[in-house]
Engineer: 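Quick one: structure below, then a few questions.
Every heavy atom of this structure was used, including side-chain atoms; hydrogens, water molecules and symmetry mates were not. Residue numbers start from 1 in every chain, and the chains themselves are labelled A, B, ... in the order their sequence lines are given, proteins ahead of strands.
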Number of protein chains: 2
Amino acid sequence: MDLFNHLGELALGSRLKRLSDQIMRDGSRIYQANDIKFEPKWFPVFYLLSEHAPLGVTEMSQDLGVSHAAVSQVVRELLQKKLITGVMDPSDGRKRLLSLSESGSELLPKIKELWNDIAVAIHEMINSHQSNIIDSIREVENSFSEHSLDERVALIIQERCLDQVKIVPYSEDLAEQFKSLNYAWIQKYFQVEEMDELVLSNPGNHIVAEGGQILFAQLDGKIVGTCALIKLDDDSFELAKMAVDEKYQGRQVGKKLGLAVIEAARKRGAKQVILESNKKLIPALNLYKKLGFVPICTDHQKSMYQRANVSMQLELT
Amino acid sequence: MDLFNHLGELALGSRLKRLSDQIMRDGSRIYQANDIKFEPKWFPVFYLLSEHAPLGVTEMSQDLGVSHAAVSQVVRELLQKKLITGVMDPSDGRKRLLSLSESGSELLPKIKELWNDIAVAIHEMINSHQSNIIDSIREVENSFSEHSLDERVALIIQERCLDQVKIVPYSEDLAEQFKSLNYAWIQKYFQVEEMDELVLSNPGNHIVAEGGQILFAQLDGKIVGTCALIKLDDDSFELAKMAVDEKYQGRQVGKKLGLAVIEAARKRGAKQVILESNKKLIPALNLYKKLGFVPICTDHQKSMYQRANVSMQLELT
DNA sequence: TATTTATACGTAAGTACTTACGTATATTAT
DNA sequence: ATAATATACGTAAGTACTTACGTATAAATA
């Protein structure tokens with residue numbers, strides 16, 4: 001009958017809300033039935049003040065894990081109902097020290113008795129089950145305080161995207177793609193230099209034949225990115241000419257290419273991979289960092305490219 | 001740090017709300033980050049329609065366990081965003097049959113992929129714990145569907161009240177209390193009859209000396225109720241003159257007195273207890289029923305009291 | 001057949017939070 | 001000492017539900 005039973009994890013949020021709404025409504029009825037003019041939403045603030053007064057609004061919001069605005073609104077109501085009182089902190093003019101009022105303290109024993117009854121009712125119900133909801137909630141809360149749900153989902157999506165990207169090797173018929181993918185970013189951020197023109201027009205000769213390698217990233221059968229590994233000497237290779245189609249950026253194409261190129265270098269017995277880039281290319285630099293590259297100092301006057309103003313290196317163990 | 005950890009059961013409602021709010025907010029961010037124009041609150045309705053269309057508003061509200069108004073509002077938004085369409089049911093002019101629209105169906109595969117990622121994220125988190133929150137919630141939901149929290153609390157309060165009521169036996173100095181407690185209700189609902197005057201003015205002679213018994217209920221040291229057991233013959237006793245101070249009604253005083261009187265009858269070897277009452281005294285009749293009395297037919301012309309128009313009997317085994 | 005009652009739905013207003021923004025005071029940096 | 005920044009708090013508006021109420025249609029009853 002109940003969709004949520006079938007849906008499980010997905011509807012966790014809606015389900016928690018439904019349950020909490022019900023408990024809150026029942027709570028309201030409990031106070032009414034016992035002729036106590038009290039609302040469930042006042043409970044956290046009122047209880048806190050009954051145990052640890054005096055407290056300020058912000059202090060309570062931290063203790064309760066809700067916004068200060070929520071506390072402020074409850075405090076306003078409780079002041080209106082004369083259940084609490086507040087005086088300005090003499091040592092801090094911004095802060096208001098709140099405590100139970102006289103009538104609040106008078107209410108306390110009666111309402112504490114009721115709270116105890118409620119605790120017993122919930123306790124009896126919970127302890128008749130195998131799994132304890134309080135423990136489960138605490139665990140979920142702890143997990144969420146480590147990583148929020150959106151962070152967790154972002155990671156899973158990244159992994160999924162990474163799996164979807166296929167790496168394919170160089171072949172003559174992909175030479176044109178290698179050129180156009182690289183022209184796109186070079187023209188967007190810089191200017192095509194003589195060296196670009198030379199290498200991109202004949203990658204087979206200038207990269208592959210020289211002991212290097214060119215890899216392509218494929219998504220749904222379409223070439224969406226590329227990256228080259230250029231041989232410098234027996235121990236050193238350069239990661240260069242990484243390009244990802246703008247429409248597919250953020251889908252882990254670059255990461256997959258980077259990992260594949262590093263793996264290729266490792267297979268060829270490289271001890272290090274270096275690269276040159278430009279400070280403007282912030283997403284690219286972040287990716288290099290994530291791949292394990294660390295910045296190194298070099299004389300960029302010697303570089304083949306004018307745009308080079310950053311060098312990075314990855315030691316392979 | 002967190003008050004709720006210390007409070008346990010009592011703050012269950014606030015705590016569930018806090019958690020659900022967080023999940024909903026994260027959910028909103030997830031859709032945004034993936035460039036899907038969708039809100040978490042749409043999920044239950046949209047999902048339901050993707051699986052079981054066409055459906056009406058009320059049908060969905062039942063499946064989801066929320067009010068039809070909530071569904072109606074979500075439906076209005078989804079219609080506005082053109083994600084669903086609705087046509088009037090040809091066989092029922094009140095009902096609107098809702099289904100995914102074309103653009104809704106187009107969105108479906110993309111959003112389903114995301115739902116799957118979310119489910120995986122939550123699943124991974126949950127399954128790294130000992131106790132499963134989904135199971136806990138289901139159990140709590142089931143418990144609440146049997147008895148709501150306010151019902152459970154009401155029962156506990158009843159028991160607590162029952163424990164607080166002390167039963168004390170008759171003594172001459174309580175005779176005046178026996179009279180005034182009974183006068184109160186008789187004068188409120190009926191008129192004091194000759195027989196009342198006789199019995200209430202000298203209960204020692206007319207009840208106790210005749211083989212009966214009078215019990216009093218004490219709350220915080222104060223006499224707040226009374227009830228008599230009148231001997232009819234060796235096998236039969238009558239429960240009579242039950243009276244509870246109006247200020248203490250609803251605090252299980254009558255129940256405690258009734259139970260005590262029945263117990264006293266049992267001890268004296270009674271095979272049955274009967275009573276006479278009046279249809280107007282609805283709370284009293286409910287109590288008698290709860291104590292196990294069942295209505296019997298008798299000729300009330302023969303009764304000692306004009307107000308008697310109901311008779312009840314309890315068989316003691 | 002006429003009338004009452006039940007159902008399906010919509011809208012308005014309330015609730016208990018949130019985010020966003022503004023103000024006053026305190027703290028830190030220059 | 002002055003300016004910039006941080007903190008404590010309040011208020012307004014938004015959110016995702018609720019309850020309460022109103023309307024149209026269907027079903028039940030007289």
Side-chain angles (χ1 to χ4, degrees), chain A residues 4 11 13-29 31-32 38-46 54-80 86-98, chain B residues 4 11 13-29 31-32 38-46 54-80 86-98:
Chain A
F4 290 159
S14 307
R15 201 164 180 178
L16 286 169
K17 178 156 177 48
R18 200 176 64 174
L19 189 53
S20 106
D21 282 348
Q22 199 191 327
I23 294 178
M24 292 304 204
R25 275 198 300 283
D26 285 359
S28 180
R29 269 191 228 106
Y31 290 121
Q32 252 176 43
F38 199 84
E39 295 180 28
K41 70 164 157 174
W42 297 344
F43 169 74
V45 167
F46 192 78
L55 290 168
V57 169
T58 306
E59 279 171 292
M60 287 196 276
S61 83
Q62 279 162 357
D63 287 346
L64 298 172
V66 297
S67 67
H68 82 272
V71 174
S72 182
Q73 287 163 29
V74 169
V75 161
R76 184 172 49 195
E77 281 181 47
L78 285 171
L79 282 169
Q80 228 167 54
V87 290
M88 292 318 280
D89 187 333
S91 69
D92 187 340
R94 298 164 302 176
K95 197 170 162 184
R96 205 153 51 139
L97 294 173
L98 298 157
Chain B
F4 291 160
S14 306
R15 201 162 179 178
L16 288 168
K17 178 157 179 47
R18 199 177 64 174
L19 189 53
S20 105
D21 281 350
Q22 199 190 328
I23 294 178
M24 292 303 202
R25 274 198 301 282
D26 284 0
S28 181
R29 269 191 228 107
Y31 290 121
Q32 252 176 43
F38 199 83
E39 296 180 26
K41 69 164 159 176
W42 296 346
F43 169 74
V45 167
F46 193 78
L55 290 167
V57 169
T58 306
E59 278 171 293
M60 286 196 275
S61 83
Q62 279 162 358
D63 287 346
L64 298 173
V66 295
S67 67
H68 81 274
V71 174
S72 183
Q73 286 163 29
V74 169
V75 161
R76 184 174 45 195
E77 282 180 47
L78 285 170
L79 283 169
Q80 228 167 53
V87 290
M88 293 317 281
D89 187 333
S91 69
D92 187 338
R94 299 165 301 176
K95 197 171 162 185
R96 207 154 51 140
L97 294 173
L98 298 157

Engineer: Roughly how many Å is it from CG in A:Asp89 to C1' in C:dA24, rounded to a whole number?
Structural biologist: 15 Å
Engineer: Which is the 5'-most and which the 3'-most nucleotide of DNA chain D that has an atom under 4.0 Å from a heavy atom of chain B?
Structural biologist: D:dA16 to D:dA26
Engineer: Pick the closest DNA chain C nucleotide for A:Arg94 and for A:Val71 by heavy atoms, then say which residue is nearer the 5' end.
Structural biologist: A:Val71
Engineer: Hey, are A:Arg29 and A:Asp26 close enough for a salt bridge, meaning a charged N less than 4.0 Å from a carboxylate O?
Structural biologist: yes
Engineer: Would you mind classifying the nucleic acid contact of B:Gln73 as base, sugar-phosphate or nothing, using non-hydrogen atoms under 4.0 angstrom?
Structural biologist: base
Engineer: Of the non-hydrogen atoms in B:Ser72 and B:Val57, which two are nearest, and what is the gap between them?
Structural biologist: N-CG1, 4.0 Å
Engineer: Take the protein atom CE of B:Met60 and the nucleotide atom C1' of C:dT7, then report the distance between them rounded to whole Å.
Structural biologist: 16 Å
Engineer: Step by step, would you call B:Glu77 with B:Val45 a side-chain contact (heavy atoms from CB on, under 4.5 Å)?
Structural biologist: CA-CA 11 Å; B:Glu77 282 180 47; B:Val45 167; over 6 Å; no
Engineer: For A:Val75 and B:Ser91, take the nucleotide of DNA chain D holding the closest heavy atom to each; which residue's nucleotide lies nearer the 5' end?
Structural biologist: A:Val75
Engineer: Rounded off to whole Å, could you give me the CG-to-C1' distance for the A:Asp92 and C:dT27 pair?
Structural biologist: 11 Å
Engineer: Contact class for A:Ser72 vs. all strands (heavy atom < 4.0 Å): base, sugar-phosphate, or nothing?
Structural biologist: base
Engineer: What heavy-atom pair brings B:Ser20 and A:Gly13 nearest, and what distance separates the two atoms?
Structural biologist: CB-O, 3.5 Å
Engineer: Is A:Ser61 reaching over with its side chain to a backbone N or O of A:Thr58, donor-acceptor style, under 3.5 angstrom?
Structural biologist: yes
Engineer: If I compare all heavy atoms of A:Lys41 with all of A:Val74, which pair ends up nearest, and what's the gap?
Structural biologist: O-CG2, 4.0 Å
Engineer: Starting from the 5' end of DNA chain D, give me the residue, A:Leu55 or A:Arg29, whose nearest nucleotide shows up first.
Structural biologist: A:Leu55
